[in-house]
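Excluded from the calculations below are hydrogen atoms, water molecules and symmetry mates; all remaining heavy atoms, backbone and side chain alike, are included.
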Amino acid sequence: MIYNISFYTRFVDDSFVFVGKGTSEIVLNDMNSFDPLLKFTIEKSVDCELNFLDTTIYSDDNGELQLKMF
């Protein structure tokens, strides 16, 4: 199956993936079917902010992604 994945990165056991609207559950189910010992979860943004590792990724007034430390 082909998804609209626009960005993917990972650090050790943390992954950060941008997918097309409405496809996150499909991608999650597919990723969890790779190996029964692996369990992926989803954390969705709240108020256009998402924490990843030691940063907060947010959308500024122009719609561009920015980083800040937390």
Do F34 and V19 belong to the same hydrophobic cluster, where Ile, Leu, Val, Met, Phe, Trp and Tyr are linked whenever their side-chain heavy atoms lie under 4.5 Å apart, directly or via other members?
yes

Which distance, rounded to the nearest 0.5 Å, do you find between the CG of L28 and the OG of S33?
10.0 Å

Take a 6.0 Å sphere around CZ of F11 and say whether it holds more than 12 heavy atoms from other residues, nucleotides or ligands.
no

Using modelled atom types only, decide if a donor and an acceptor are shared between the side chain of N62 and the backbone of E64 within a distance under 3.5 Å.
no

Mind checking whether I57 and Y8 sit in one hydrophobic cluster, side chains of I, L, V, M, F, W, Y counted as touching below 4.5 Å?
no

T41 OG1 to N32 CG distance, which is reported to the nearest 0.5 Å:
8.5 Å

Evaluation steps, side chain to side chain contact (heavy atoms under 4.5 Å, CB included), between L65 and Y58
CA-CA 6 Å; L65 295 179; Y58 66 97; over 6 Å; no

Neighbour count above 12 (heavy atom, 6.0 Å) for N29 CG:
yes

With heavy-atom distances below 4.5 Å as the criterion, would you say the side chains of N51 and T55 are in contact?
no

When rounded to the nearest 0.5 angstrom, what distance separates CD in E43 from CG in D14?
10.0 Å

Return the orientation label for the F52 and F16 ring planes: parallel under 30°, perpendicular over 60°, tilted otherwise.
tilted

Decide yes or no on side chain to side chain contact (heavy atoms under 4.5 Å, CB included) for D30 and I26, but give the supporting numbers first.
CA-CA 6 Å; D30 224 16; I26 297 168; 5.7 Å; no

Determine, using the 4.5 Å side-chain heavy-atom cutoff (strictly less than), whether V17 and F7 are members of one ILVMFWY cluster.
no

Please evaluate residues I42 and E25 with respect to the criterion side chain to side chain contact (heavy atoms under 4.5 Å, CB included), reporting the C-alpha separation (whole Å), side-chain torsions for both, the decisive distance (0.1 Å), and the verdict.
CA-CA 8 Å; I42 290 180; E25 295 297 326; 4.0 Å; yes

Are L53 and F40 connected, step by step, through hydrophobic side chains (Ile, Leu, Val, Met, Phe, Trp, Tyr) whose heavy atoms are closer than 4.5 Å?
no

Side chain to side chain contact (heavy atoms under 4.5 Å, CB included) assessment of E49 paired with Q66
CA-CA 10 Å; E49 291 188 352; Q66 302 291 329; over 6 Å; no

